[in-house]
Amino acid sequence: MRKTLLWIAAMTAATACERGDAAFDASGVFEAKEVVVSAKVQGEIRAFDCEEGDIVAAGDTVGFIDMTQLSLKRDQLVASRRANDSRRLDLRSQIASVSQQIANARKEKVRFEALLADKACTQKQVDDIGYQIEVLECQLAALTEQVGSANNAITEQSASLASQISAVAEQIGDACITAPIGGVILQKYLERGEYAMPGRPLFKVADIGDMTLRAYVTADQYNTLRIGQTVSVTIDGREQAYEGKVTWISSKAEFTPKTIQTKDERQNLVYAIKIGVRNDGAIKIGMYGDVKF
């Protein structure tokens, strides 16, 4: 009986070898979402409190660039806007004198019309007062338009100054060096005391919480894969399997990269795929991973 069981086990192993069963279907390298943060304003880096390997959260401030000149420029613009607004004319006070003259002339006209009814004055006197009222009303309209135009110019200039103040305030905000995503600092390009220029890289951060395994599959495997498919992922040196999901499948074949292994290395054309894996801290960027479909 024992010989029979050993013979069955041997035959099973031999059959598996004949089928070419492998421990994995594809292999690849783990990647992470990396962001290179560059300076948005120029100036001396006054603080840069992060080092390679530090863990940061999205929105964390890790340093700032000297903003003295920007602050002085903002204060100057604010003072200019206040001075400009102080020149605004009060329409009511500007037209008060002419308005009063019109009111008096209208009362005078009413009085002369009553005198005319009693034949105590002439029609010409009444008409002259009417002409005077028309002239005063024209003066009032012209003065109102003049004050309105002057105030409109002041309003436009204040709006321009307000836009400049907002732009400088935004630049002051850009002087703060922040992490756009949460993750680990991979590389730091500048140090405190160095001079930053717009577009010059400051540091690189990578989100290592969610890793991506880029692997390559053959045409036969390609036809069996779909987006969202759950696969099993293992890493070198650990028996623990991670659950992964296929997040991307290339629609274009390419030649097999020399550093990538596939189930059938004799095939030259392969398709790239990406598999999302939640990292527990053991997966590192550049580490090899194996996939079982």
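All residue numbers refer to positions in the sequence shown, counting from 1. Note that these values count all heavy atoms, side chains included, but never hydrogens, waters or copies made by symmetry. Keep in mind that this is a model prediction, so the values were computed, not measured.
The main-chain N or O of K40 is never found under 3.5 Å from a side-chain atom of D174 such that the two would form a donor-acceptor pair. Remark: side-chain polar atoms of Q157 are not paired, donor with acceptor, to backbone N or O of I154 under 3.5 angstrom. Within the 3.5 Å criterion, the main-chain N or O of T122 finds a donor-acceptor partner in the side chain of Q125. At distances below 3.5 Å, at least one donor-acceptor pair connects side-chain atoms of D54 with backbone N or O atoms of E51. Of the possible donor and acceptor atoms, none in the side chain of N151 sits under 3.5 Å from a partner among the backbone N and O of G148. With hydrogens and angles disregarded, a donor-acceptor distance shorter than 3.5 Å links the side chain of S27 to the backbone of G289. At least one donor-acceptor pair closer than 3.5 Å links the side chain of R192 to the backbone N or O of R46. In this structure, the side chain of E44 does not engage the main chain of A196 through any donor-acceptor pair within 3.5 Å. Counting only distance, with no hydrogens or angles, the side chain of T61 and the backbone of G63 share no donor-acceptor pair below 3.5 Å. The backbone N or O of Y195 lies less than 3.5 Å from a partner atom in the side chain of R200, making a donor-acceptor pair.
A side chain to side chain donor-acceptor pair (under 3.5 Å) check over residues 223-232, counting only residues at least two apart or in different chains, returns nothing.
Distance check: R278 CZ to K245 NZ gives 13.5 Å after rounding to the nearest 0.5 Å. In this structure, the separation between CD1 on I208 and CD on E34 is 11.0 Å, given to the nearest 0.5 Å. Note that NZ of K124 and CD1 of I129 are 11.0 Å apart. Values are rounded to the nearest 0.5 Å. From R74, atom CZ reaches atom CD of Q76 across 12.5 Å, with rounding to the nearest 0.5 Å. Residue F203 holds its CZ atom at 12.0 Å from CD of Q187, rounded to the nearest 0.5 Å. Distance check, rounded to the nearest 0.5 Å: CD of E194 to CG of L202 gives 10.0 Å.
The shortest side-chain heavy-atom distance between S86 and R82 does not fall under the 4.5 Å cut-off. Under the 4.5 Å side-chain criterion, counting only non-hydrogen atoms from C-beta, L213 is not in contact with K274. Here the side chains of V277 and I283 are in contact, with some heavy-atom distance below 4.5 Å.
Side-chain contact check for D280 and Y242: at least one donor-acceptor pair (N or O, by modelled atom type) lies under 3.5 Å. For the residue pair D128 and Q132, no side-chain donor N or O sits within less than 3.5 Å of a side-chain acceptor on the partner. Remark: the T155 side chain and the R88 side chain contain an N/O donor-acceptor pair separated by less than 3.5 Å. Between the side chains of E108 and N104, no donor-acceptor pair is found at a separation under 3.5 Å. A donor-acceptor contact closer than 3.5 angstrom links the side chains of T68 and D66.
If you chain together hydrophobic residues whose side chains sit under 4.5 Å apart, L190 and V205 fall into the same group. Hydrophobic clustering keeps L186 apart from V35 (ILVMFWY residues linked when any side-chain heavy atoms are closer than 4.5 Å, directly or through intermediates).
When the shell of 6.0 Å around CD of E191 is examined, it contains more than 12 heavy atoms from other residues, nucleotides or ligands.
Shown here for Q94 and L143, the closest heavy-atom pair between the two residues is O-CD2, 3.0 Å. The shortest non-hydrogen separation linking I133 to A105 is CG1-CB, 3.5 Å. Minimum interatomic distance between A32 and D207 (heavy atoms only, all atoms of both residues): CB-O, 3.4 Å.
Under a cutoff of 6.0 Å and an axis angle of 45°, K188 and F48 form a cation-pi pair.
Applying the side-chain hydrogen bond (donor to acceptor under 3.5 Å, both in side chains) rule to S158 yields the partners N84, D85; only residues at least two apart in sequence or on another chain are considered.
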**Message:** Show, in sequence, the C-alpha distance, side-chain angles and deciding distance for Q101 and S97, and conclude whether the side chain to side chain contact (heavy atoms under 4.5 Å, CB included) test is met.
**Reply:** CA-CA 6 Å; Q101 293 180 50; S97 176; 3.4 Å; yes
